[in-house]
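Both counts, for ligands and for their atoms, begin at 1 and track the order of listing.
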Amino acid sequence: MPARVPVGIVGAGPAGLLLAQLLARRGIASVVLERSSREHVESRVRAGVLEQPTVDTLTAAGVGQRLAREGIVHHGIELRFGEAAFRVDFASLVPGRNITVYGQREVVRDLIAARLADPAAPTGHLRFEVSDVELSGLESDQLVLGFTQHGQREQLACDWVVGCDGYHGVSRGWFPRAEVRQFEHVFPFAWLGVLAAVAPSSQELIYSRHERGFALHSMRSPELSRFYLQVPPGEDADQWSDERIWSELCTRLETVPGWRLRTGPILEKGVAAMRCFVHEPMRHRRLCLAGDAAHIVPATGAKGLNLAVADVRLLSAALAGWFETGSETGIEAYSAACLRRVWRVQDFSCWMTRLLHVSPAADAFERRAQLAALDAVSQSRASATVLAENYVGLDASGALA
Ligand code: APR
Ligand code: PHB
């Protein structure tokens with residue numbers, strides 16, 4: 001007889017870990033199966049901008065203490081283009097709403113610590129270095145997850161299974177092909193992400209559209225800065241010496257008279273594609289998807305983590321309804337509610353990407369029109385408000401603002 005658990009979760013990224021945590025707060029046990037080691041999961045550097053509803057959800061989940069201490073609240077962002085600089089001021093455009101800069105790596109560390117400290121969780125509820133995860137019984141609602149850990153094949157019977165295994169995971173493949181539609185778009189450029197041991201050169205994030213390509217100045221702490229450079233797709237990060245990185249960042253960011261970029265040791269660098277992806281639907285019978293397993297948005301709007309949190313916020317409430325009262329209402333609405341938000345965020349992230357990147361195929365006309373679009377954001381309160389409203393995040397309820 002396989003062991004039993006109410007919810008089996010594949011993947012211990014932010015989506016899987018937060019889902020396990022939110023379910024635990026409602027008294028629902030789960031087991032999380034993760035392919036990588038704990039060290040690997042806790043060391044991945046990802047984006048670091050949290051919308052207010054994300055902060056609220058993490059706080060309500062009991063993992064908000066360090067975030068409240070170390071997270072940096074930002075009330076605006078800066079856009080640079082040509083020789084112009086424009087501050088998108090959240091306080092005046094979207095009063096009372098802001099963002100918090102706190103690395104996703106820290107979110108994951110806080111969640112793992114909280115899960116491992118949960119006295120009510122069943123033994124072996126968070127398993128790292130698990131391989132060959134398979135699902136059977138989907139069409140009969142008799143779900144069984146098979147997996148291997150420490151050379152031992154095991155089985156886990158579940159009422160529900162949730163695929164939180166990211167873009168490269170296996171769980172999407174468990175949906176019947178005939179029921180699925182997938183949408184994909186890849187931009188003709190990538191991002192070189194850089195973590196540097198140097199104090200930020202600005203209090204707020206700077207998004208720069210430069211003729212040589214986009215650059216972003218972000219941060220992690222008073223001692224750590226995070227940068228991104230637009231590079232060709234498939235670029236090899238090793239082609240980028242520290243010297244070359246700083247020279248290119250200076251060229252693309254030092255466009256405002258008198259403003260200088262601080263430089264320092266580079267701790268880490270890596271290249272990520274600029275990709276859009278949506279898998280519809282996000283539920284089939286008792287199998288659900290959440291986070292990157294179901295959707296990828298281009299990183300320009302920093303929305304990936306926020307979307308994952310919005311998914312699991314809805315899903316934890318829907319599953320609680322099912323376990324507590326047998327209600328199917330939440331779970332029936334789950335996929336459509338998530339997808340509506342996903343497509344809105346997809347649209348915004350693509351818009352912001354096109355606004356700020358220089359596409360290699362863009363001709364002189366398109367480049368001038370792009371500058372006019374940036375000019376409009378800086379001159380029209382209505383245009384700036386659209387940016388600000390989307391940047392700080394759509395409302396937290398299932399229905400969008
Ligand atoms: N079996 C078990 N675990 C798997 C498998 C598998 N076959 N395939 C992938 N995983 C694990 C990965 O090792 C990873 O730890 O699933 C996890 C997925 O985590 P993320 O990729 O972080 O995805 P998600 O939790 O949806 O996070 C969404 O965080 O990771 C960022 O860019 C992402 O910002 C987005 C947000
Ligand atoms: C980050 O800090 O990693 C970051 C910030 C803003 C973005 C994307 C990434 O738009």
Side-chain angles (χ1 to χ4, degrees), residues 8-20 31-38 40-51 54 72 74 77 79 99-108 111-112 126-135 145-149 162-174 191 193-195 200 204-207 214-221 224-228 268 270 272-275 277 282 289-312 345 348-349 352-353 356 390-391:
I9 299 172
V10 188
L17 291 166
L18 181 60
L19 178 62
V31 169
V32 180
L33 304 175
E34 166 60 47
R35 182 176 56 185
S36 305
S37 66
R38 177 177 175 185
H40 179 78
V41 170
E42 288 192 332
S43 62
R44 288 184 298 212
V45 183
R46 297 270 187 58
V49 174
L50 310 186
E51 299 171 353
T54 299
I72 316 167
H74 286 215
I77 55 169
L79 304 181
I99 53 142
T100 301
V101 173
Y102 186 68
Q104 185 173 306
R105 176 161 70 175
E106 311 313 318
V107 172
V108 165
L111 281 164
I112 290 178
L126 177 51
R127 308 236 193 153
F128 294 98
E129 296 176 64
V130 156
S131 62
D132 302 316
V133 180
E134 288 172 345
L135 178 69
L145 281 170
F147 61 96
T148 302
Q149 195 186 28
V162 185
C164 298
D165 47 352
Y167 181 65
H168 300 287
V170 288
S171 61
R172 271 201 314 272
W174 298 333
W191 272 16
V194 173
L195 188 69
E204 294 180 340
L205 274 63
I206 303 171
Y207 289 81
F214 169 76
L216 169 59
H217 177 5
S218 179
M219 60 210 66
R220 287 294 176 272
S221 70
L224 276 181
S225 298
R226 178 86 173 140
F227 300 96
Y228 297 94
E268 209 183 285
M274 287 296 268
R275 178 191 303 281
F277 173 75
M282 285 173 61
L289 298 177
D292 277 18
H295 41 74
I296 299 283
V297 290
T300 321
K303 294 296 181 198
L305 173 64
N306 294 292
L307 273 182
V309 169
D311 288 350
V312 299
V345 170
F348 169 67
S349 303
M352 207 168 157
T353 301
L356 292 162
N390 282 278
Y391 195 86

Nearest heavy atom to atom 5 (C) of ligand 2, choosing from Thr353, Leu356, Val49, belongs to Val49
Atom 6 (C) of ligand 2 sits nearest the protein heavy atom Tyr207 OH, 3.2 Å
Of all protein heavy atoms, the one nearest atom 31 (C) of ligand 1 is Gln104 NE2, 2.8 Å
query: What do you reckon, does Val130 put a non-hydrogen atom under 4.0 Å from ligand 1?
result: no
of all protein heavy atoms, closest to atom 8 (C) of ligand 2 is Ala299 O, 3.4 Å
Going by the 4.0 angstrom heavy-atom rule, the piece of Pro14 near ligand 1 is both
Near Gly48 (heavy-atom distance under 4.0 Å), the atoms of ligand 2 are 1 (C), 2 (O), 3 (O)
Examine Leu305 against ligand 1 and note whether any of their N/O atoms are separated by less than 3.5 Å. yes
From the list Val41, Val10, Val130, side chain to side chain contact (heavy atoms under 4.5 Å, CB included) with Glu34 holds only for Val41
* Tell me, please: is Arg44 in heavy-atom contact with ligand 1, that is, under 4.0 Å? => yes
For atom 2 (O) of ligand 2, the closest protein heavy atom turns out to be Ser218 OG, 2.6 Å
Quick look: Leu205 vs ligand 2, heavy-atom contacts under 4.0 Å, and the answer is side chain
Under 4.0 Å, counting heavy atoms only: does Arg220 come that close to any atom of ligand 2? yes
Non-hydrogen atoms of Ser36 versus ligand 1: any pair closer than 4.0 Å? yes
Closest to atom 3 (O) of ligand 2 among protein heavy atoms sits Tyr228 OH, 2.6 Å
Atom 28 (C) of ligand 1 has as its nearest protein heavy atom Asp292 OD1, 3.4 Å
